[in-house]
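All values reported here derive from a predicted model rather than from experimental measurement. Computed over heavy atoms, backbone and side chain alike; hydrogens, waters and symmetry mates excluded. We name chains A, B, ... by the order of the sequence lines, and we start the count at 1 in each one.
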Number of protein chains: 2
Amino acid sequence: MKEQLKTYFNRYVSLSDNEVENFLSNISIKVFNKKDCLLNQGDVCHQRFFILEGLVRFYEIDDKGNERIDLFGVENWWITNLESFINETPSRQTIQALEKTKVLCINKTTLESLFESIPKLERAFRIITENMLIAIQRKDEVYMKQKSKERYSSLVNNVPRLFQRVPQYMIASYLNITPEYLSEIRKNS
Amino acid sequence: MKEQLKTYFNRYVSLSDNEVENFLSNISIKVFNKKDCLLNQGDVCHQRFFILEGLVRFYEIDDKGNERIDLFGVENWWITNLESFINETPSRQTIQALEKTKVLCINKTTLESLFESIPKLERAFRIITENMLIAIQRKDEVYMKQKSKERYSSLVNNVPRLFQRVPQYMIASYLNITPEYLSEIRKNS
DNA sequence: CTACCTTCTTAAGGTATCTTAAGAAAAACT
DNA sequence: AGTTTTTCTTAAGATACCTTAAGAAGGTAG
């Protein structure tokens with residue numbers, strides 16, 4: 001686990017063993033079973049989670065009671081509701097484990113004090129946030145510009161593994177299509 | 001101008017006069033006329049721009065030759081093609097001035113060396129990036145979940161000033177609606 | 001093995017939105 | 001003031017996608 005984290009951070013900055021130890025001593029590990037929620041809609045998100053193993057979804061429920069999935073989180077991703085985390089406002093979204101999921105948890109004040117003591121960690125988070133921004137902009141490019149059928153094939157081409165781990169109706173929700181129409185699309189392709 | 005920048009950064013971190021001076025001595029100022037491009041599709045984006053005065057749009061052209069506006073940049077916003085800037089890959093988007101626009105320009109290596117010499121500046125950019133991420137997630141919430149009519153009224157309510165500065169067909173593009181249909185929506189509301 | 005629950009498919013009819021085409025209005029030049 | 005260019009509107013017909021409803025298939029639990 002220490003190795004996994006070190007390898008991960010070394011993509012962005014070089015942390016010494018000491019710094020990794022310091023980081024680790026400030027975080028906790030939690031395991032969520034399938035269907036458990038890491039964060040409930042309405043609650044303030046006090047933590048950032050780093051997914052060691054497993055899979056989660058970040059979703060919201062609209063006025064008609066339909067779920068809409070914004071994002072899946074897999075191994076080696078940080079996940080949180082950033083708006084709720086930063087402003088300490090109630091989350092409009094839920095984060096739920098879709099498999100048994102093991103995460104690192106770090107809360108806001110701890111993270112801020114770690115940024116003081118390990119500046120390279122703040123750099124890593126600056127870069128990680130930039131990468132998240134790029135990822136969401138890329139998703140938008142696809143989703144704003146393309147029709148359902150094309151969004152579906154983008155996903156098939158870019159993240160084929162997802163289809164083995166997630167039921168099709170959740171893929172549909174993530175693609176912003178009804179499950180019925182996704183079924184239709186798949187029949188004709 | 002120095003004051004504008006100082007006020008801006010002080011939202012996030014407290015920079016001393018010296019640090020602001022240091023920052024200023026490393027940047028340049030440019031003025032773009034209406035319709036000038038800050039960045040052309042196909043070019044690598046080597047700079048980040050801070051808008052002192054004016055208005056720009058960030059847009060791309062799809063396969064059918066239609067423009068799609070991702071984002072407007074107004075006073076006190078940083079704008080860049082982050083993906084192109086970070087990976088040094090050709091930009092799929094163009095950044096164009098919609099009014100006479102005065103910007104600060106800072107290039108990548110300069111910014112990185114400033115991060116070394118002024119750690120608080122890196123913190124400011126970490127926070128600025130987080131806020132951009134939140135803004136884009138909020139936009140997505142509206143755009144994925146809501147129908148055209150609702151997207152239009154969200155924009156009217158949240159950024160009414162935009163309508164005085166931008167032609168309606170660009171609003172339509174930003175809302176991901178055809179100009180004809182936006183016209184229809186406005187008629188019935 | 002049977003029963004239940006979750007997920008996926010099919011099809012008919014409806015609606016939001018686009019496409020095309022044309023003209024009106026407004027703004028920008030000369 | 002007149003001409004050109006840009007922007008906005010209107011309307012008819014097309015299409016992508018949704019809604020509803022029902023049943024099929026597959027998994028899980030008693």
Would you kindly give the CZ-to-P distance between A/Phe163 and C/dC8, to the nearest whole Å? 11 Å
Between C/dC8, D/dC8, D/dC18, spot the one nearest the side chain of A/Ile177, thanks. D/dC18
Counting side-chain heavy atoms from C-beta on, which of C/dT9, D/dT7, D/dC18 comes nearest to A/Arg186? C/dT9
Contact nearer the 5' end of DNA chain C, comparing A/Glu180 with B/Lys149: A/Glu180
Check the distance between D/dT5's C1' and B/Lys34's NZ and give it to me in whole angstrom. 13 Å
Between C/dA26 atom P and B/Tyr169 atom OH, what is the distance in whole Å? 17 Å
For B/Thr178, report the nucleic acid contact type (base, sugar-phosphate, nothing); a contact means any heavy atom under 4.0 Å. base
Looking only at the side chains, is there a donor atom on one of B/Thr89 and B/Glu83 sitting less than 3.5 Å from an acceptor on the other? no
For A/Lys147 and A/Val166, take the nucleotide of DNA chain C holding the closest heavy atom to each; which residue's nucleotide lies nearer the 5' end? A/Val166
Using a heavy-atom cut-off of 4.0 Å across all strands, would you classify B/Ser183 as base, sugar-phosphate, or nothing? base
At less than 4.0 Å, is any side-chain N or O atom of A/Gln168 found next to OP1 or OP2 of C/dT9? Yes or no. yes
Hey, does A/Leu39 have a side-chain heavy atom less than 4.5 Å from the side chain of A/Gln96? no
Hey, does B/Glu184 reach any base, or is it just sugar-phosphate, or nothing, if we go heavy atoms under 4.0 Å? nothing
Are OP1 or OP2 of D/dC8 and a side-chain N or O of B/Lys187 less than 4.0 angstrom apart? no
Classify the nucleic acid contact of B/Tyr181 as base, sugar-phosphate or nothing, counting any heavy atom under 4.0 Å across all strands shown. base
In whole angstroms, the gap separating P of C/dT10 from CD1 of A/Ile185 amounts to 14 Å
Classify the nucleic acid contact of B/Asn176 as base, sugar-phosphate or nothing, counting any heavy atom under 4.0 Å across all strands shown. sugar-phosphate
How many whole angstroms separate atom CG of B/Leu98 from atom C1' of C/dA27? 16 Å
No-hydrogen, no-angle side-chain donor-acceptor test under 3.5 Å, A/Gln47 and A/Asn107: no
B/Leu182 near the nucleic acid: base, sugar-phosphate alone, or nothing, with a heavy-atom cut-off under 4.0 Å? nothing
Which atoms form the tightest heavy-atom contact between B/Ser84 and B/Pro90, and what is the distance? OG-C, 4.2 Å
Calculate the interatomic distance between A/Tyr143 atom OH and D/dA16 atom P; express it in whole Å. 19 Å
So, is A/Ser148 near the phosphate of D/dC17, with a side-chain N or O under 4.0 Å from OP1 or OP2? yes
Flag this pair as yes if the NZ/CZ of B/Lys139 is under 6.0 angstrom from the six-membered ring centre of B/Tyr174 and inside a 45 degree cone about the axis; otherwise no. yes
Let me know the distance between NZ of A/Lys35 and C1' of C/dC5, rounded to the nearest Å. 9 Å
If you compare all heavy atoms of A/Tyr59 against all heavy atoms of A/Asp70, which two are closest, and at what distance to 0.1 Å? CA-OD2, 4.1 Å
Rounded to whole Å, please give me the gap between CG in B/Asn66 and C1' in C/dT19. 11 Å
